[in-house]
Number of protein chains: 2
Amino acid sequence: MLKFSKKADYALLALQYIASAQGGGALPPRVVNTKEIAEEHFMPVELLAKVLQTLARHQIIESHHNGPKGGYVLGREPKDITIAQVLEAIEGPLGITDCYHEKEESSCDQMDRCNIRTPLLKIQESIYTLLNGMSIEDMLRDESPLIIVESLKPQGVHS
Amino acid sequence: MLKFSKKADYALLALQYIASAQGGGALPPRVVNTKEIAEEHFMPVELLAKVLQTLARHQIIESHHNGPKGGYVLGREPKDITIAQVLEAIEGPLGITDCYHEKEESSCDQMDRCNIRTPLLKIQESIYTLLNGMSIEDMLRDESPLIIVESLKPQGVHS
DNA sequence: CTAGTCAAGAGTAATTTAGTCGGAGATAGA
DNA sequence: TCTATCTCCGACTAAATTACTCTTGACTAG
């Protein structure tokens, strides 16, 4: 439940690998290829290849078609690649509930009777904020950011 | 991605329904049965039945075996039923990543090379806190609680 | 020219989720 | 007592999603 897909895991691992391979950023970044990452993390090469392709399509990484020296490089700075972006690239818009980002036609037929939409949307937004608050850079240092989740019931206000 | 399962949705809707059916709590709570809920929300009765059964097993609701007048009632106060509890009842321990609540044998074989565990666990905990911070009671009033997600990078500290 | 790379789409296998069915036990009301 | 209506449970099937594979093509450094 609420689990990342394998593709998502692969994507994050790969990005972490690519990022850490291109060091500080002073010298030109090292180009790393699919096979290298796959072997490092025991992933099926072809699958990782697809994952990297979609990441490239979303400009999260940048592909270098240099024959035998080809491979990938980060498309932008690690701090500008958030986990939310990666997940959305791989799996499309993310959301706890369908009825949020739904096309007209297929929209939930019990919309009017659905009394739990509003609270669920709140949760969804919070999760998104959460995932958007952590970047690849944060995954590079062992110190990942402190995340504070605070739930303030509006009870002091009115009741 | 990161979507609730239908069973989870059904559970939450059902709980909201049961809760709102038993009003303030002064008079003895009304017993509501599976069929009634299913029809209200256009759910397959048998499936909802299973969902309610598992909720009952987890003491989130309480079953009344009273033949034709049988049905369910909340097992405790709405404010003491959190969304996290409901999800866990229905789908087992929830977590972004497998490697957190894993049995010995099947544990991830790339544990030692996994550089993204720590940050992901942080996210996982935050999501849990989030889901545990909202209760059925919150879903009853149109005012659902304010959720504040704040991400504090530890940059002031060291860098 | 060749080996090694990314790219893209179709196809298959495995796993998970959704939903169904049939039978058992209990009880209120006729 | 009989019947209708409920909860309960496990096995089963069906559908959908996810994971993974295969094939083909285009490009390029050496």
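Naming: A, B, ... by sequence-line order, numbering from 1 per chain.
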*Asks:* Could you state the CG-C1' distance from Asn33(B) to dA28(C), rounded to the nearest angstrom?
*Replies:*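 Atom-to-atom, Asn33(B) to dA28(C), this comes out as 14 Å.
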*Asks:* Does anyone know the first and last nucleotide of DNA chain D in reach of chain A, 5' to 3', at under 4.0 angstrom to a heavy atom?
*Replies:*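 It runs dA19(D) to dG30(D).
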*Asks:* Quick one: Ile61(A) CD1 to dA7(C) P, roughly how many Å, whole number?
*Replies:*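 My rounded result for the distance is 8 Å.
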*Asks:* What's the NZ-P distance between Lys6(A) and dA13(C), to the nearest Å?
*Replies:*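 Rounding to the nearest Å, NZ of Lys6(A) and P of dA13(C) are 18 Å apart.
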*Asks:* Just to be sure I understand the geometry, which residues of residues 65-77 of chain A put a non-hydrogen atom under 4.0 Å away from DNA chain D?
*Replies:*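 Hits under 4.0 Å, by residue number: His65(A), Asn66(A), Gly67(A), Pro68(A), Lys69(A).
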*Asks:* Under the side chain to side chain donor-acceptor pair (under 3.5 Å) rule, what pairs show up with a residue in residues 28-38 of chain B, not counting sequence neighbours?
*Replies:*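 Sorted pair list: Tyr17(B)-Glu36(B), Arg30(B)-Glu36(B).
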*Asks:* Tell me every residue that passes side chain to side chain donor-acceptor pair (under 3.5 Å) with Ser5(B), counting only those two or more places apart in sequence or in another chain.
*Replies:*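 Side chain to side chain donor-acceptor pair (under 3.5 Å) list for Ser5(B), sorted by chain: Glu91(B).
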*Asks:* Is there a residue in residues 47-54 of chain A whose heavy atoms reach under 4.0 Å of DNA chain D, and which residues are they?
*Replies:*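 Listed by number, they are Leu47(A), Lys50(A).
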*Asks:* Phosphate oxygens OP1/OP2 of dC6(C): is one of them under 4.0 Å from a side-chain N or O of Thr34(A)?
*Replies:*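 So the side-chain polar atoms of Thr34(A) do come within 4.0 Å of the phosphate oxygens OP1 or OP2 of dC6(C), strictly under.
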*Asks:* Mind calculating the distance between NZ (Lys3(B)) and C1' (dA18(C)) to the nearest angstrom?
*Replies:*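 After rounding, the reported distance stands at 12 Å.
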*Asks:* Listed by chain and number, what are the side-chain contact (heavy atoms from CB on, under 4.5 Å) partners of Leu74(B), not counting sequence neighbours?
*Replies:*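 By the side-chain contact (heavy atoms from CB on, under 4.5 Å) rule, Leu74(B) matches Leu15(B), Ile18(B), Ala19(B), Gln22(B), Ile61(B), Pro78(B), Ile81(B).
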*Asks:* Determine all donor-acceptor pairs shorter than 3.5 Å in which one atom belongs to a side chain in residues 52-60 of chain A; sequence neighbours excluded.
*Replies:*
residue  : atom : partner  : partner atom : Å
Thr54(A) : OG1  : Lys50(A) : O            : 3.3
Thr54(A) : OG1  : Val51(A) : O            : 2.7
His58(A) : ND1  : Thr54(A) : O            : 2.9

*Asks:* Could you state the atom-to-atom distance from CG of Leu55(A) to P of dC6(C) in whole Å?
*Replies:*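 Distance check: Leu55(A) CG to dC6(C) P gives 13 Å.
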*Asks:* Give the rounded distance in Å between these two atoms: CG of Leu2(A) and C1' of dT17(C).
*Replies:*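 In whole Å, dT17(C) C1' lies 15 Å from Leu2(A) CG.
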*Asks:* Are Leu2(B) and Leu131(A) close enough, and set up right, to give a side chain to side chain contact (heavy atoms under 4.5 Å, CB included), and what steps lead you there?
*Replies:* CA-CA 11 Å; Leu2(B) 285 187; Leu131(A) 295 174; 3.7 Å; yes
*Asks:* Working to the nearest 0.5 Å, report the span between CZ of Phe4(A) and CD1 of Ile96(B).
*Replies:*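 Going from CZ on Phe4(A) over to CD1 on Ile96(B), the span is 5.0 Å.
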*Asks:* Other members of the hydrophobic cluster containing Val73(A), with the 4.5 Å side-chain heavy-atom rule, please.
*Replies:*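 ILVMFWY cluster around Val73(A) also holds Val31(A).
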*Asks:* Please state how far atom NZ in Lys35(A) lies from atom C1' in dT5(C), giving the value in whole angstrom units.
*Replies:*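 Lys35(A) atom NZ is separated from dT5(C) atom C1' by 11 Å.
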*Asks:* Rounded to whole Å, how long is the line connecting atom CD of Glu39(A) with atom C1' of dG4(C)?
*Replies:*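 About 13 Å, once rounded to whole Å.
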*Asks:* Sequence neighbours left out, what passes side chain to side chain donor-acceptor pair (under 3.5 Å) with Asn132(A)? Give chain and number order.
*Replies:*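 Here the qualifying residues are Thr82(A).
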*Asks:* Within this structure, what is the CD1-CD distance for the pair Ile90(A) and Gln85(A), rounded to the nearest 0.5 Å?
*Replies:*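 With rounding to 0.5 Å, CD1 (Ile90(A)) is 12.5 Å from CD (Gln85(A)).
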*Asks:* Between Ile83(B) and Met139(B), which heavy-atom pair has the shortest distance, and what is it?
*Replies:*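 For Ile83(B) versus Met139(B), the nearest heavy atoms are CD1-SD, 4.0 Å.
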*Asks:* Identify the heavy atoms of Gly133(B) and Asp138(B) that sit nearest to each other, and give their distance.
*Replies:*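 Smallest interatomic distance, heavy atoms only, reads O-OD2, 3.8 Å.
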